[in-house]
Amino acid sequence: MSEETYALNLSELQESLRERVRAAAAEKFGVELEQFPAEVPPRTELGDLAFPVAFELAKRIKQATGEKRNPRAIAEELKQVLESDAAVARVEVAGAGYLNLFYDRARLLAALSSSTTEATAAAPSSEDRPKRMVEHTSVNPNKAAHIGHLRNSVLGDTFVRILRANGERVEVHNYIDNTGVQVADVVVGFQHLEGMSLADVRALDASLKEDYPFDYYCWDLYARVGLFYRGGDPDAKEDPERLKLRVETLHALEEGGNATAELADYVATRIVHQHLDTMRRLGITYDLLPRESEVLHFLWSHAFERMKESGAIHFQTEGKNRGCWVMPMEGHEGSEEHEPDKVIVRSNGTITYTGKDIAYQLWKLGQVDLNFYFKPFRTEPDGHAVWTTTSNKEEAASDAPHFGAGATVYNVIDSRQSYPQEVVKRGVAAVAPQVGEAASAHLSYERVVLTPAAAEELGLELSTEEKSRTFVEMSGRRGLGVKADDFIDTLEANALREVEGRHPDIPDEEKRAAAHALAVGALRYFLMKWTRNSVIVFDFKEALSTKGEAGPYCQYAAVRANSIFRKLPNGELENAQRLIASSAAEGGEAAESVRKVFEGEIGDEIWSLVTLAARLPQVLQQSASFAEPSHLAKYTFQLAQAFNFFYNRDENRILEERDAVRRAVLVYVTDFVRTQLTSALATLGIEVPERM
RNA sequence: GCACCCGUAGCUCAGUUGGAUAGAGCGUUUGACUACGAAUCAAAAGGCCGAAGGUUCGAGUCCUUCCGGGUGCACCA
């Protein structure tokens with residue numbers, strides 16, 4: 001390696017160059033720069049890095065001294081400072097005063113490989129790091145998961161992977177509302193519509209076929225209950241008399257220790273397992289499943305005390321909220337119909353959803369001393385243990401991990417809950433000012449809706465009003481939605497057909513594995529390519545596509561790169577790595593011959609591919625700080641696209657390249673790109689199959 | 001009424017914390033497979049970035065107003 005140790009990756013190099021600019025600005029112009037941007041020029045010909053800092057300096061100098069200086073002249077002075085860095089080959093002053101830096105391509109190329117292996121070797125997250133709590137999925141355990149739920153889970157899981165890729169310590173929660181209205185409704189269905197006992201439901205469950213499992217059964221049953229409440233007319237209002245069944249059932253669930261609660265527990269637990277099965281197909285797992293029943297029984301009273309002590313809530317003795325414990329929401333306007341205060345405990349003594357949420361959030365942040373009892377829920381095939389909470393002390397495992405006590409909390413919840421989430425954040429801050437609002441983040445996202453065409457494909461009869469709209473909302477009550485398992489099945493079947501056609505000779509097991517990887521790639525990419533606050537209008541044709549901006553496109557680029565290495569003689573990659581490293585270390589002619597490969601139009605193209613691939617750590621960092629996984633998805637696609645462009649050039653055909661140095665560079669670059677691409681895809685939860 | 005989100009190519013969307021000539025995919029038209037894999041690539045066409053002001057050396061990006069769409073503002077969960 002080089003005799004001088006300089007930055008190993010681009011962001012470190014960039015930071016050290018920025019430091020040089022900062023120092024030079026202070027020394028030469030007496031200006032202290034705080035934050036100033038460094039950017040990637042729009043085209044490689046313009047350089048690898050640009051500092052549009054001369055404009056800012058000209059302004060600051062004028063402010064300080066009244067002296068008017070030309071930005072170009074300022075840039076010229078900074079130019080020399082930057083050129084003295086060994087990693088910088090040259091600097092150009094462009095346009096009105098841009099400082100454009102060109103890296104020493106031979107040197108940087110050699111430095112990149114070592115930084116990559118370090119960056120992609122799944123940075124171990126040390127125990128003493130602050131813990132990031134991510135809650136996602138949290139699907140009501142009363143029916144099969146649909147595509148809208150998948151957006152939540154994939155978003156949450158991808159964010160978890162991004163945090164981990166940044167070396168963060170993460171704990172993943174999937175909150176289980178096992179005593180809520182939605183579970184109660186399905187119980188009403190079993191008990192009152194079908195006259196079933198727990199034993200009957202168990203027997204039914206055991207008798208159901210694979211293509212119509214329990215969660216699908218409940219999906220339909222739930223829709224029937226919705227219809228039942230409306231007296232059989234989907235457009236009618238809910239009948240208060242029939243709704244009494246719901247209230248009674250809900251009451252029994254909260255009470256516990258009765259047949260209705262037992263039935264509910266069976267339904268909820270059974271469906272949680274099915275949800276976990278569904279999510280596991282996409283590579284999604286959890287550390288802890290906190291259940292509402294335990295939040296109510298164990299956590300609430302302690303959290304309630306803290307809320308009262310801290311003055312975050314107070315008892316209302318008059319007005320509309322008389323008899324309630326409320327939290328004032330300052331800055332939120334009240335009106336005739338809307339009180340500015342938020343009710344936490346109702347006048348009948350029951351707790352609102354928001355109240356429970358604040359309690360749970362306080363626990364996540366280590367602000368409630370009490371701990372739950374934990375027991376193992378199940379172990380995934382890869383050995384990952386999933387835990388849950390329990391009210392039964394006897395069941396409690398003594399070797400449970402230390403859950404809770406996180407430094408920050410990210411809740412993946414759709415944007416309609418922005419206001420309740422705001423209340424939770426403020427509530428936590430009111431109870432625990434030292435934690436404040438900054439510890440709570442709402443990862444809000446827009447929902448998945450259906451095109452009218454997609455809704456009709458699902459067999460729904462649309463009203464003329466709905467047909468004229470651009471989209472139709474999914475509705476559990478109407479039983480309208482694209483079931484997650486159905487959709488994954490379709491994706492896998494389509495992919496299997498394609499693989500079958502291309503590689504009829506490979507073993508069936510490999511075909512199925514490839515089809516699965518492609519289905520996951522298509523689905524996860526499809527759900528991740530949009531920014532969080534963009535509504536996904538689900539269209540079958542688009543969601544099933546594997547062409548263009550899609551997961552399989554990215555996988556295909558990696559597969560093609562890998563297949564080159566299958567055909568390369570043993571040891572050629574290692575030789576290429578040695579050659580690049582030694583040429584950079586020795587300099588002189590050896591380095592010159594490497595530089596020559598990067599000259600000209602094609603050289604620029606190859607170099608731009610290298611710098612794009614090298615940007616992965618920055619993209620990961622940015623995706624984490626903006627909490628926006630779609631940035632990573634977009635980047636991954638761009639990298640795949642850039643590789644395909646490189647790959648399709650006749651001049652870049654590695655196996656036919658005769659020039660030893662050029663061939664070594666091509667091998668080295670291709671290896672670097674496939675490593676970064678594979679790493680980016682892995683962070684998106686997408687695997688690269690051997691063949692596809 | 002109040003708060004938040006969105007308005008960019010025919011369609012669906014990006015646009016890197018204010019930077020250089022606003023980009024992709026789909027769709028349309030044309031071309032490239034006895035292959036380092038065509039789930040690919042090349043090329044063409046397509047734009048008053050909702051409107052009007054303002055701040056700035058510089059605005060799709062920031063501020064104000066307006067227009068048009070979405071979502072919240074429960075003692076529901």
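Each chain gets a letter, A, B and so on, in the order its sequence line appears, and its residues count up from 1.
- Ion pairing between a basic and an acidic side chain is recognised when a charged N comes within 4.0 Å of a carboxylate O; A:R230 and A:D239 show no such pairing.
- The residue A:P41 sits close to a base: some heavy atom pair falls under 4.0 Å.
- Across all strands, A:R566 comes closer than 4.0 Å to no nucleic acid atom at all (heavy-atom distances).
- Relative orientation of the A:Y525 and A:F637 rings is tilted, given thresholds of 30° and 60° on the angle between their planes.
- For A:W325 and A:F304, the distance between ring centers is under 6.0 angstrom.
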Table please: side-chain donor-acceptor pairs of residues 47-58 of chain A below 3.5 Å, with sequence neighbours left out.
{"residue": "A:D48", "atom": "OD1", "partner": "A:W607", "partner atom": "NE1", "Å": "2.7"}
{"residue": "A:D48", "atom": "OD2", "partner": "A:Y103", "partner atom": "N", "Å": "2.8"}
{"residue": "A:D48", "atom": "OD2", "partner": "A:W607", "partner atom": "NE1", "Å": "3.3"}

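- The side-chain hydrogen bond (donor to acceptor under 3.5 Å, both in side chains) test applied to A:R242 returns no partner, not counting sequence neighbours.
- When each of A:S563 and A:L250 is assigned the nucleotide of RNA chain B bearing its nearest heavy atom, the one mapping closer to the 5' terminus is A:S563.
- Taking the C1' atoms as reference points, B:U29 lies 25 Å from B:A14, given to the whole Å.
- OP1 and OP2 of B:G72 both lie 4.0 Å or more from every side-chain N or O belonging to A:Q421.
- Residues A:E76 and A:N70 have side chains not in contact (no heavy-atom distance under 4.5 Å, counting atoms from C-beta outward).
- By the 4.5 Å heavy-atom criterion applied to side chains, A:F565 and A:D671 are counted as neighbours.
- Side-chain atoms of A:S347 and base atoms of B:C75 include a donor and an acceptor less than 3.5 Å apart.
- In A:Q63, the CD atom is crowded: over 12 heavy atoms of neighbouring residues, nucleotides or ligands sit closer than 6.0 Å.
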Using a 3.5 Å cut-off and no angle test, enumerate the donor-acceptor pairs between side-chain atoms of residues 352-359 of chain A and protein atoms at least two apart in sequence or in another chain.
{"residue": "A:T352", "atom": "OG1", "partner": "A:V343", "partner atom": "O", "Å": "3.1"}
{"residue": "A:T352", "atom": "OG1", "partner": "A:I344", "partner atom": "O", "Å": "3.2"}
{"residue": "A:T352", "atom": "OG1", "partner": "A:G355", "partner atom": "N", "Å": "3.2"}
{"residue": "A:K356", "atom": "NZ", "partner": "A:E292", "partner atom": "OE2", "Å": "3.4"}

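- One interatomic measurement links the two molecules: CZ of A:R72 to C1' of B:A20, which rounds to 13 Å at whole-angstrom precision.
- In this structure, A:Y222 has no ring-ring contact (aromatic ring centres under 6.0 Å, His included) partners at least two apart in sequence or on a different chain.
- Only the C1' atoms considered, B:G70 is 24 Å distant from B:G25, to the nearest whole Å.
- Nucleotide B:C4 holds its C1' atom 13 Å from the NZ atom of A:K425, rounded to whole Å.
- As a whole-Å value, the separation of A:H442 NE2 from B:C4 P is 16 Å.
- Helical stems in RNA chain B, defined as runs of 3 or more consecutive Watson-Crick or G-U wobble pairs with donor-acceptor distances under 3.5 Å: B:1-5 with B:69-73, B:10-13 with B:23-26, B:28-32 with B:40-44, B:50-54 with B:62-66.
- Contact annotation for A:H503: base contact, defined as any heavy-atom pair under 4.0 Å involving a base atom.
- For the P atoms, the distance from B:A3 to B:U65 is 10 Å, rounded to whole Å.
- Residues that satisfy the salt bridge (Lys or Arg N to Asp or Glu O under 4.0 Å) test with A:D177, not counting sequence neighbours, are absent from this structure.
- B:U61 and B:U40: their C1' atoms are spaced 35 Å apart (whole Å).
- Contacts of A:Q35 with the nucleic acid, taken as non-hydrogen atoms under 4.0 Å apart, include base atoms.
- Regarding A:F471, its CZ atom lies at a distance of 14 Å from the C1' atom of B:U12, rounded to whole Å.
- Listed here is the closest heavy atom pair of A:R532 and A:H442: NH1-O, 4.5 Å.
- Smallest separation of non-hydrogen atoms from A:V559 and A:M692: CG2-SD, 3.8 Å.
- Across all strands, A:D539 comes closer than 4.0 Å to no nucleic acid atom at all (heavy-atom distances).
- Heavy atoms from other residues, nucleotides or ligands lying under 6.0 Å from CZ of A:R322 number 12 at most.
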Is there any protein nitrogen or oxygen under 3.5 Å from a nitrogen or oxygen in nucleotides 38-40 of chain B, and what are the pairs?
{"residue": "B:A38", "atom": "OP2", "partner": "A:R560", "partner atom": "NH1", "Å": "3.0"}
{"residue": "B:A39", "atom": "OP1", "partner": "A:R502", "partner atom": "NH1", "Å": "3.0"}
{"residue": "B:A39", "atom": "OP1", "partner": "A:Y556", "partner atom": "OH", "Å": "3.1"}
{"residue": "B:A39", "atom": "OP2", "partner": "A:R502", "partner atom": "NH1", "Å": "2.2"}
{"residue": "B:A39", "atom": "OP2", "partner": "A:R502", "partner atom": "NH2", "Å": "3.3"}
{"residue": "B:A39", "atom": "N7", "partner": "A:R502", "partner atom": "NE", "Å": "3.2"}
{"residue": "B:A39", "atom": "N7", "partner": "A:R502", "partner atom": "NH1", "Å": "3.0"}
{"residue": "B:A39", "atom": "N3", "partner": "A:T546", "partner atom": "OG1", "Å": "3.0"}
{"residue": "B:U40", "atom": "OP1", "partner": "A:G548", "partner atom": "N", "Å": "3.3"}
{"residue": "B:U40", "atom": "O2'", "partner": "A:R560", "partner atom": "NH2", "Å": "2.9"}
{"residue": "B:U40", "atom": "O2'", "partner": "A:N648", "partner atom": "ND2", "Å": "3.1"}

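- Other residues, nucleotides and ligands place no more than 12 heavy atoms under 6.0 Å from the CG atom of A:N570.
- For B:G23 and B:U16, the P atoms lie 13 Å apart once the distance is rounded to whole Å.
- For the segment residues 625-635 of chain A, residues with any heavy atom less than 4.0 angstrom from an atom of RNA chain B are, sorted by number, A:F626, A:H631, A:K634.
- B:C33 and B:G50: their P atoms are spaced 43 Å apart (whole Å).
- On the C1' atoms, B:A24 is 33 Å away from B:U64, given to the nearest whole Å.
- Between the CZ atom of A:F540 and the C1' atom of B:U12 there is a distance of 17 Å, rounded to whole Å.
- Salt bridge A:E500/A:R497: absent, no basic N to carboxylate O contact under 4.0 Å.
- Using cut-offs of 30° and 60° for the angle between ring planes, the A:F540 and A:F538 rings count as perpendicular.
- Among the heavy atoms of the strands, none lies under 4.0 Å from A:G95.
- In this structure, A:A550 reaches neither bases nor backbone, as no heavy-atom distance under 4.0 Å exists between it and the strands shown.
- Atoms CG (A:N100) and C1' (B:G19) sit 11 Å apart, rounded to a whole Å.
- Following rounding to the nearest Å, A:I536 (CD1) and B:C11 (C1') show an atom-to-atom distance of 16 Å.
- The CD atom of A:Q417 sits 18 Å away from the P atom of B:C5 (whole-angstrom rounding).
- Judged as a ring-ring contact (aromatic ring centres under 6.0 Å, His included), and not counting sequence neighbours, A:Y229 has no contacts.
- B:A3 has no base stacking with the ring of A:Y419 when judged by centroids under 5.5 angstrom apart and an interplanar angle below 30°.
- With sequence neighbours excluded, no residue forms a salt bridge (Lys or Arg N to Asp or Glu O under 4.0 Å) with A:E254.
- At the heavy-atom level, A:R322 lies under 4.0 Å from base atoms of the strands shown.
- Listed by residue number, A:W530, A:T531, A:N533, A:S534, A:V535 are the residues of residues 522-535 of chain A with a heavy-atom contact under 4.0 Å to RNA chain B.
- Taking for each of A:K567 and A:E473 the nucleotide of RNA chain B with the nearest heavy atom, the 5'-most of the two is the partner of A:K567.
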Tabulated below should be each protein N or O lying under 3.5 Å from an N or O of nucleotides 57-59 of chain B; please produce it.
none

